[in-house]
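Report on the structure given below.
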Amino acid sequence: DTGVSQDPRHKITKRGQNVTFRCDPISEHNRLYWYRQTLGQGPEFLTYFQNEAQLEKSRLLSDRFSAERPKGSFSTLEIQRTEQGDSAMYLCASSLQGSNSPLHFGNGTRLTVT
Amino acid sequence: DQQVKQNSPSLSVQEGRISILNCDYTNSMFDYFLWYKKYPAEGPTFLISISSIKDKNEDGRFTVFLNKSAKHLSLHIVPSQPGDSAVYFCAASPGVGSNYKLTFGKGTLLTVNP
């Protein structure tokens with residue numbers, strides 16, 4: 001069990017640029033989640049996948065955000081035309097399917113939009 | 001509208017004493033509750049959980065208590081150790097099997113002094 005891996009750990013970009021983050025879940029986990037955490041707040045749910053199907057998206061996920069999990073393994077989160085308000089820690093988590101299986105989080109990607 | 005509230009931003013205790021972290025929620029649909037611990041530059045780590053059909057769950061030094069009528073839960077750590085120093089997040093989810101969509105509190109920074 002190598003844990004949930006996220007890449008990159010840090011990303012600094014200029015406003016208006018596109019960025020893409022990658023998440024590799026724990027291998028036997030079929031559920032994958034994206035959360036966002038801003039300073040002084042707890043993580044906020046963005047979206048989740050069961051295998052390759054994206055089953056729910058938060059209204060926090062504007063049209064500029066898109067997440068994919070094409071083969072039911074790794075996932076990408078893309079933000080287009082970044083804004084300063086997108087600066088946050090983006091956390092990926094995975095879990096087994098089943099009632100109340102705890103989420104295992106990665107160490108996150110910290111995005112800074114200048 | 002914060003549905004999960006951790007009203008104490010910080011807590012300081014002496015090594016060996018009990019740490020009590022509190023959490024209140026407002027959404028009556030929540031029926032599964034979790035505590036996560038977070039060290040700087042790492043993602044949240046699952047600590048302990050409790051279902052609404054229970055009022056107590058214990059795992060080693062960690063015990064979570066749930067008072068449904070008061071919509072209140074607490075995490076007890078005894079004895080506290082310096083390595084327990086971290087931010088603790090309370091989280092809740094609605095409905096059995098809906099653990100993907102956790103609502104987190106803002107966290108409480110616990111400092112355990114040697």
Can a donor-acceptor pair be found, under 3.5 Å and without considering hydrogens, that links the side chain of A/Y35 to the backbone of B/L102? yes

Okay, A/E44 and chain B: the region with an atom under 4.5 Å from a heavy atom over there is neither

Inspect the surroundings of CG in A/L60 and state if more than 12 heavy atoms from other residues, nucleotides or ligands are less than 6.0 Å away. yes

Give me each pair satisfying salt bridge (charged side-chain N to carboxylate O under 4.0 Å, His left out) with a member in residues 75-96 of chain A, each pair once, sequence neighbours excluded. A/R64-A/E83, A/R64-A/D86

So which of B/P9, B/A41, B/A91 has the biggest tally of heavy-atom pairs under 4.5 Å with chain A? B/A41

Quick check on A/R110 against chain B: is it the side chain, the backbone, both or neither that has a heavy atom closer than 4.5 Å? neither

Could you see if A/L32 belongs to whatever hydrophobic cluster contains A/F65? Use Ile, Leu, Val, Met, Phe, Trp, Tyr and a side-chain cutoff under 4.5 Å. yes

Kindly compute the distance separating CD (B/E42) from CG (A/L91), expressed to the nearest 0.5 Å. 12.0 Å

Does B/R17 CZ have over 12 foreign heavy atoms under 6.0 Å away? no

Listing request: all salt bridge (charged side-chain N to carboxylate O under 4.0 Å, His left out) pairs with a residue in residues 60-85 of chain B, at least two apart in sequence or in separate chains. B/R61-B/D84

Name the option with the most non-hydrogen atom pairs under 4.5 Å to chain B; the candidates are A/M89, A/Q37, A/Q6. A/Q37

Spell out the residues in residues 106-114 of chain B that have some non-hydrogen atom less than 4.5 Å away from a non-hydrogen atom of chain A, in order of number; otherwise answer 'none'. B/K106

Shared ILVMFWY cluster between A/Y48 and B/Y32, side chains joined below 4.5 angstrom? yes

Please collect all ring-ring contact (aromatic ring centres under 6.0 Å, His included) contacts where either partner lies in residues 66-92 of chain B, sequence neighbours excluded, each pair once. B/F65-B/H76

Indicate, with yes or no, if A/F49 and A/V4 share a hydrophobic cluster defined by side-chain heavy-atom contacts under 4.5 Å among Ile, Leu, Val, Met, Phe, Trp and Tyr. no

I'd like to know whether CD of B/Q81 has more than 12 heavy-atom contacts from other residues, nucleotides or ligands below 6.0 angstrom. yes

